[in-house]
K.L.:
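Have a look at this one before I ask anything.
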Amino acid sequence: MSKWEEKQLGSVCSEIFSGGTPSTLYPEYWNGEIPWLSSGETSRRYIYNTEKTITELGAQNSSTRLAKNGDIVIACAGQGKTRGQVSTIKRDMYINQSVIAIRGDSKNADTDFIYYNLLLRYDELRYLSDASSTRGSITTEMLKKLKIILPDLPTQQRIADILSIYDDLIENNNKR
């Protein structure tokens, strides 16, 4: 049986970061070919496309950051149920300041295992964020320090694979 160890999320991820928004004063920054993710779009398990797009000029002239295919994204702010929602992106896309991207480190943790761990901690994340500010927000520092209990990497992968099979069945059924 695998020994499970408690670690900080930041120690088993290669990156945890938030993004930004290109200025809306410059129309040439918007309606381009590049997907740009906002927190309200994190209600789906997988994110393939975004409602808004930006141009390369918009990406270069703002604090938005590129999240990569397979990264976990979490809504760090938002109305109603939004804050604390967790998704996986299925293509490279830029993110706004109300989204945090989490990139696993394949030597230490399985990204899908981290996704399921965070998904099951929705209420805990909302409680922590409510306690940390008047508006309630999840911060990158909060996530970096978040304790996570991990088995060895092969066990993480087996657990995540089993859960992914069920999620994929649900996703396919919903598409029908």
K.L.:
Could you tell me whether the side chain of Gln157 and the main chain of Asp110 form a donor-acceptor pair under 3.5 Å?
P.N.:
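No; zero donor-acceptor contacts below 3.5 Å.
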K.L.:
Check whether any side-chain N or O of Glu41 sits under 3.5 Å from a backbone N or O of Ser38 as a donor-acceptor pair, and report yes or no.
P.N.:
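Looks like yes, one N/O pair under 3.5 Å.
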K.L.:
Any heavy-atom pair between the side chains of Ile138 and Leu128 that's under 4.5 Å?
P.N.:
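A side-chain contact is absent here, since even the closest heavy-atom pair is not under 4.5 Å.
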K.L.:
Quick one, Leu118 and Ile102 - any side-chain contact, counting heavy atoms below 4.5 Å?
P.N.:
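The answer is yes; the side chains approach within 4.5 Å.
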K.L.:
Assess whether a salt bridge exists between Glu15 and Lys68, defined as any Lys/Arg side-chain N lying under 4.0 Å from an Asp/Glu carboxylate O.
P.N.:
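Here Glu15 does not pair with Lys68 in a salt bridge, since their nearest N and O are not under 4.0 Å apart.
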K.L.:
Does a donor on one side chain and an acceptor on the other come within less than 3.5 Å for Thr155 and Arg158?
P.N.:
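Their side chains do contain a donor-acceptor pair, which is all the 3.5 Å distance test asks for.
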K.L.:
Got Leu150 and Gln156 here, is their nearest side-chain heavy-atom distance under 4.5 Å?
P.N.:
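Result yes, sub-4.5 Å side-chain heavy-atom pair found.
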K.L.:
Restricting to non-hydrogen atoms, name the atom on Ile47 and the atom on Ser87 that form the minimum distance, rounded to 0.1 Å.
P.N.:
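Heavy atoms only, the tightest pair is CD1-CB, 3.6 Å.
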K.L.:
Would you list the atom pairs, donor with acceptor, under 3.5 Å between side chains in residues 18-27 and any protein atom, with sequence neighbours excluded?
P.N.:
from	atom 1	to	atom 2	distance (Å)
Thr21	OG1	Gln97	OE1	2.6
Thr21	OG1	Gln97	NE2	3.3
Ser23	OG	Leu25	N	3.1

K.L.:
Does a side-chain heavy-atom distance below 4.5 Å link Thr140 with Leu143?
P.N.:
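Thr140 does not reach Leu143 side chain to side chain.
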K.L.:
When rounded to the nearest 0.5 angstrom, what is the spacing between CG in Asn108 and CG in Leu153?
P.N.:
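Taking CG in Asn108 and CG in Leu153, the distance rounds to 8.0 Å.
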K.L.:
Test your reading of the model: is there a side-chain donor-acceptor pair from Thr82 to the backbone of Gly40, 3.5 Å cut-off?
P.N.:
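Not at all, since once roles are kept as given, no pair shorter than 3.5 Å links the two residues.
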K.L.:
Using atom types as modelled and distance alone, determine if a side-chain donor or acceptor of Tyr115 lies under 3.5 Å from a backbone N or O of Arg45.
P.N.:
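Here the side-chain-to-backbone pair does not exist.
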K.L.:
Under 4.5 Å between side-chain heavy atoms, hopping through other hydrophobics if needed: is there a path connecting Ile89 to Leu119?
P.N.:
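In one cluster with Ile89: Leu119, no.
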K.L.:
Donor-acceptor pair, Thr50 side chain versus Leu37 backbone, under 3.5 Å?
P.N.:
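Side chain of Thr50 to backbone of Leu37, a donor-acceptor pair under 3.5 Å: no, none is there.
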K.L.:
What pair of heavy atoms forms the shortest contact from Val99 to Cys76, and how long is it?
P.N.:
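That would be N-SG, 3.6 Å.
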K.L.:
Do the side chains of Ile54 and Tyr29 get nearer than 4.5 Å, heavy atoms only?
P.N.:
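The answer is no; the side chains never approach within 4.5 Å.
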K.L.:
If you look at every heavy atom in Phe17 and Ala67, which pair is closest and at what distance?
P.N.:
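Heavy-atom minimum between the residues: CZ-CA, 4.2 Å.
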K.L.:
Heavy atoms, side chains only, cut-off 4.5 Å: are Asp92 and Asn69 in contact?
P.N.:
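Asp92 reaches Asn69 side chain to side chain.
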K.L.:
Quick one: pull up NZ in Lys147 and CD in Gln8 and give me the separation to the nearest 0.5 Å.
P.N.:
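Rounded to the nearest 0.5 Å, the NZ-CD separation comes to 4.5 Å.
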K.L.:
Quick one, Arg91 and Pro35 - any side-chain contact, counting heavy atoms below 4.5 Å?
P.N.:
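Side-chain contact under 4.5 Å: yes.
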K.L.:
So, do Lys52 and Asn96 sit near enough that their side-chain heavy atoms are less than 4.5 Å apart?
P.N.:
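Lys52 vs Asn96: side chains apart.
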K.L.:
Is the backbone of Glu28 close enough, under 3.5 Å, to the side chain of Thr55 for a donor and an acceptor to pair up by distance?
P.N.:
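The answer is yes, because a donor-acceptor pair under 3.5 Å joins these two groups.
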